[in-house]
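Take a look at the structure below.
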Amino acid sequence: MLTSIDRVMIYAVLCIISFSTIMLINHYATGLFAVGGLLATILGLWVELTSKNKLEQQKK
């Protein structure tokens, strides 16, 4: 089972890879998968970070 910090690190690495792919490819040939991957990782990071704050508040 992955901890929350492991999931955040995985999302961060995927975000960097997707962003690099978008920047290195000609803007006319930007792939749908690269843009979709970037949006998915941003959404995953947002969900992970907001749920982490809620869990910390419940523990207190």
Side-chain angles (χ1 to χ4, degrees):
M1 190 77 164
L2 296 173
T3 63
S4 62
I5 193 73
D6 293 337
R7 290 188 298 265
V8 168
M9 289 302 295
I10 291 169
Y11 284 130
V13 169
L14 290 175
C15 188
I16 291 169
I17 291 170
S18 296
F19 185 73
S20 298
T21 302
I22 291 171
M23 290 292 119
L24 293 175
I25 293 177
N26 186 1
H27 67 280
Y28 294 113
T30 301
L32 184 61
F33 286 114
V35 174
L38 185 64
L39 292 175
T41 55
I42 290 171
L43 180 67
L45 278 169
W46 179 73
V47 167
E48 189 66 36
L49 294 175
T50 57
S51 66
K52 182 181 176 189
N53 291 335
K54 290 178 185 176
L55 290 175
E56 286 179 355
Q57 290 176 356
Q58 289 177 355
K59 287 181 183 178
K60 293 180 182 179

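Just so it is clear, the values below take in all heavy atoms, side chains as well, and ignore hydrogens, waters and symmetry mates.
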Using residues 13-22 as the side-chain source, report each donor-acceptor pair under 3.5 Å to any protein atom, sequence neighbours left out, with the distance given to one decimal.
unit_1: Ser18; atom_1: OG; unit_2: Leu14; atom_2: O; d: 3.1
unit_1: Ser20; atom_1: OG; unit_2: Ile16; atom_2: O; d: 2.8
unit_1: Thr21; atom_1: OG1; unit_2: Ile17; atom_2: O; d: 2.8

side-chain hydrogen bond (donor to acceptor under 3.5 Å, both in side chains) contacts in which one or both residues fall within residues 6-17, not counting sequence neighbours: Thr3-Asp6, Arg7-Glu48
Quick one: side chains of residues 31-45, donor-acceptor pairs under 3.5 Å with protein atoms, not counting sequence neighbours, listed by atom name and distance.
unit_1: Thr41; atom_1: OG1; unit_2: Gly37; atom_2: O; d: 3.1
unit_1: Thr41; atom_1: OG1; unit_2: Leu38; atom_2: O; d: 2.9

